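Heads up, the thing below is written out as C-alpha cells.
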Protein chains: 2
Amino acid sequence: MSRSASIKDVANHARVAVGTVSNVLNYPDRVSQRTKDRVLQAIDELGFVRNDAARQLRAGHSRTIGLIVLDVGNPFFTSVVRAAEDAAALQGSAVLLGDSGHDASRESNYIDLFQEQRVQGLLISPVGDVTDRLDLLRERGVPTVLVDRLADESKYSSVSVDDDAGGYLAARHLLDIGRRRLAYVGGPTSIRQVADRLQGAQRAVAEVREASLEVLDSSGQTVLAGRDVGNQLVRRSADDLPDGVFCANDLLALGMMQSLTMMHRLRIPEDIALIGYDDIDFAVSAVVPLSSIRQPTEALGRTAIELLADEVDAMAAVSARPQHRAVIFTPELVVRQSTAG
Amino acid sequence: MSRSASIKDVANHARVAVGTVSNVLNYPDRVSQRTKDRVLQAIDELGFVRNDAARQLRAGHSRTIGLIVLDVGNPFFTSVVRAAEDAAALQGSAVLLGDSGHDASRESNYIDLFQEQRVQGLLISPVGDVTDRLDLLRERGVPTVLVDRLADESKYSSVSVDDDAGGYLAARHLLDIGRRRLAYVGGPTSIRQVADRLQGAQRAVAEVREASLEVLDSSGQTVLAGRDVGNQLVRRSADDLPDGVFCANDLLALGMMQSLTMMHRLRIPEDIALIGYDDIDFAVSAVVPLSSIRQPTEALGRTAIELLADEVDAMAAVSARPQHRAVIFTPELVVRQSTAG
DNA sequence: TCGTAACAATGAAACGATTCAAGGAATCGG
DNA sequence: CCGATTCCTTGAATCGTTTCATTGTTACGA
C-alpha cells in the first residue's frame, strides 16, 4: 500500500515542472506534443489520479452540486435524480444526493454537509422552512433552485409541475369520452398537490353543462385507502354511482380498481372509467391497464440543473443582479384501457 | 456575496491563533472555557463553515464512502442505500451515491470520480468485471466491499443474501401447509438469483416424499411475464394443476395472481397457494395479500459499512494483513393470506 | 545578424485546515 | 520563594493542486 502519487511525483518522473503537469491536465494546448507524451506516460506509469480536494481548495469551490429530495424511494424523485445526474455529468459536475425522508433535521444535516463541501449550488425539495438558510447560502455565493415547488420568482428559481393543469387534463379526458357523473378521490386537501389537482378537475367540469363532480375523501394516498373508498362505492345503488373516477394518485386508483373488479359487480371502463396520477410502473401492468397523468420528471431534473448553472454564472459575473426563473411544466395524459371508449 | 470566512478570519476576530480555533473545533477539551466561548462566538458572528476540501487535503483522505448500486429505482437497493447512509452517518462519514444503471461505463466513471474524491472506501454491486480496478484501488489504500455478491474471502469482503436458503424457505412453507404439487416460476436460469432460488426449492422438495416440483419458465421478471404464465396454467385441467406456486420475484407472483383471480376459476390460496420473493411494498396491498421472502436489506447496508470500517482500520494498522469476511444473510419468510391455511 | 514575436516551460505563492514542537502562565509542594 | 508540573496557546510547516509572472527557446522578417 503505497501513498498515491502526486503531481510532483509525476513531474519528477517525467523530468518537468509541476506547472507543466498541471497544464497537461487542464490546458493541453499550451504544452508541446513531446512533453505532453512524456507526462502522460509518467501519469500512466505511476497511476496518478488527481486529488480533487487540493483542486477544490485552490479553486475555492467544488464541481459538485447538492441535491436533497424528500424520498429516494419515490419513483417520481428517483427519476428526477437520474435526469439531474445525467445533465450534471454533461456539464462536468457530479451530484451529491441527500434523502431527507420528509425529516427537517435530516434536511438540515445535509445542508450543513453540502456547505462544508462547498457545493456549487443546491437543488432542494424542501421539507421544513429553509428560506433563511437558503438566503444565507446565497449570500455566501451558493445559489439554490427549488424542485417540485413553485417559488416566488423574485427570490428563487424553481421547477415544478402544474397540478391544476394535470387535474384539468384528467377530468377533461373523462368528459371527452362521454362521462358526466365524475368523482374525485383524494386525501386531505391540506396537501397542496391534492388540492391543486381537484381545482383543475373542477375547472374542467365547470366547462361542460350537466356534468357534476363529487369529492370523495380518502384517508391517505395508499392502495388500501383506495380500496376503502372503492368498497363504499360498490355498496351504492346503480343510479347513484359515478361513471368516471379520477384519483389523486395511482396507488389510490389501483386500490379502487381492486375493490371494483374483485366484486365483479362493476366493469372498468364500461361502468366506471378510472384514471390515476403519476403513471407509476404498476399502472401499465394493472389488471386493467390504468390511464394516468405523467409528470415530465426527466425535464424537471434536467431543467433544474440548467437553471442552477444559470445562477452560478450570474453569481460569477459580478455585474448582473441574478435573474430567477420559475419554470412550470405541464403534465401529460396517458390513455390506457381503464378509460377506453 | 462575501467570500466565506476562513479559520484565519475567525482567529483574527477572536484574537487567538489559528491553531486554537482548530483545537476548538477538533479537541474542545484542550481549550479553556473562556477562549472557547470567544472562538465560538466569532464562528457564529462570521457564519464560519469548515472547508472540507482543506481538511481532506491535510488528512490525506475524505470522510466519505463511495457506494455504487445497479439501480436506485429498485426498492431493494433503495433500502440498502438508506441503511448504509444511516450507518455511515453514525460513524461520521457521508455516502456518495452512484447509480450504474447496469452500465459498465457509468460504473467505471463513478469509480474514477470516487478515486479523485479520495473516498475512504468503496461499496459496490458490480456490473462489469472490475476486479482489476478494485485490486488497484486496494493497492492505493482504498478498500472495497462487494454488495449483493458473494466474494472470494481471500480477496474481498462481501455482504450477500443466501438465495438458496430463500428458495428453500419458500418451498418448505408451501410443503408445511400441505401442498405437494409445487411449481417454480422463474425467468432464465442464467440469472444467478433465479437459479439459486430454484436450487433451494428443489432441496426442500427432495425432503418430502410424494412431493414434486415443476419448473415453469417465464420470459422475464415482470408482472406481464407472470400473467402470461398464469394464463397458461388456467387452461389446464384441474388434476394437472399445481397446488402451490413459488415465483422468483413478487412482480411475477402479482401477475400470476391477476390472471388466476381474474378468471375466477381458481381461488388463492384455496386452490393454489402463491408465494413471491422480495416482499416489495405492493405485496401487502395485492388483491390477496401476497406471502413473500424478505431480504434483510437494512442489515445488508449496515453490515457493508461495518465491514468497510474494519478494512479501513486494517489498512491503517501497518502491521496486520487485512482479513476479509464474506457475510451471508438469511432471508425471512413473510406469511400473508396468499398461503394461509 | 539583430530584434521581435510566438511559444514552452518553470517554480514560487496561494488556497484553508491540521499538527506539533515550543513557549508561557498558573498552580502546587516543599 | 524555587522548581516541577500541568495546562493553554502559539504559529510555522504541511497537504496537492492551480495560477501566473518570469525566463528560456525558437523562428521569422528585415
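Below, all heavy atoms of this structure are taken into account, side chains as well, without hydrogens, waters or symmetry copies. Quick caveat, the model's predicted, so the values are computed rather than measured. Protein chains get the first letters and strands the later ones, always in sequence-line order, with residue 1 at the start of each.
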*Test item: side-chain donor near acceptor, D37(B) and Q41(B), under 3.5 Å*: no

*asked:* Tell me the interatomic distance from L25(B), atom CG, to dT9(D), atom P, rounded to whole angstroms.
replied: 15 Å

*Starting from P on dG16(D), measure out to CG on L46(A) and report it in whole angstrom.*
14 Å

*Between dC15(D) atom P and R58(B) atom CZ, what is the distance in whole Å?*
7 Å

*Give a yes-or-no answer on whether the side chains of S93(B) and Q120(B) include a donor-acceptor pair shorter than 3.5 Å.*
yes

*What is the nucleic acid contact for G19(B), judged by heavy atoms within less than 4.0 Å: base, sugar-phosphate only, or nothing?*
base

*Could you give the CG-to-P distance, from N12(B) to dT10(D), as a whole number of Å?*
12 Å

*Is any side-chain heavy atom of D148(B) closer than 4.5 Å to a side-chain heavy atom of Q193(B)?*
yes

*Are OP1 or OP2 of dT19(D) and a side-chain N or O of Y27(A) less than 4.0 angstrom apart?*
yes

*Does the side chain of R133(B) pick up a donor-acceptor pair with the side chain of S108(B) at under 3.5 Å?*
yes

*Short question: side chain of E107(B), backbone of V127(B) - any donor-acceptor pair under 3.5 Å?*
yes

*Could you check how far CG of N23(A) sits from P of dT19(D), rounded to whole Å?*
9 Å

*Rounded to whole angstroms, how far apart are CD1 on I7(B) and C1' on dA12(D)?*
15 Å

_Atom pair distance, as rounded to whole Å: CG in D37(B) and P in dC8(D)_ = 14 Å

*Anything under 4.0 Å to a heavy atom of chain B counts; send over the first and last such nucleotide of DNA chain C, read 5' to 3'.*
dG16(C) to dT19(C)

_Sub-4.5 Å side-chain heavy-atom contact between Q56(A) and Q56(B)_ = no

*Heavy atoms under 4.0 Å, any strand shown: does S6(B) hit a base, just sugar-phosphate, or nothing?*
sugar-phosphate

*Classify the nucleic acid contact of V21(A) as base, sugar-phosphate or nothing, counting any heavy atom under 4.0 Å across all strands shown.*
nothing

*Does N26(A) place a side-chain N or O at less than 4.0 Å from the phosphate oxygens OP1/OP2 of dT18(D)?*
yes

*Can you find a side chain N or O atom of T20(B) that sits less than 4.0 Å from OP1 or OP2 on dT10(D)?*
yes

*Less than 3.5 Å between a donor and an acceptor, one on the side chain of R55(A) and one on the base of dT17(D), is that the case here?*
no

*Between L57(B) and K36(B), which has a closest nucleotide on DNA chain D that is more 5'?*
K36(B)

*Whole Å only: how far is the NZ atom of K8(A) from the C1' atom of dT18(D)?*
14 Å

*Within the structure, does a side-chain N or O atom of R50(A) lie under 4.0 Å from either OP1 or OP2 of dT18(D)?*
yes

*For residues V69(A) and V147(A), determine if any side-chain heavy atom of one lies less than 4.5 Å from a side-chain heavy atom of the other.*
no

*Have T64(A) and S62(A) got a donor and an acceptor in their side chains that come within less than 3.5 Å?*
yes

*Quick one: which of dT14(D), dT18(D), dT17(D) gets closest to the side chain of F48(A)?*
dT17(D)

*Between dT9(D) and S32(B), is there an OP1 or OP2 to side-chain N/O distance shorter than 4.0 Å?*
yes

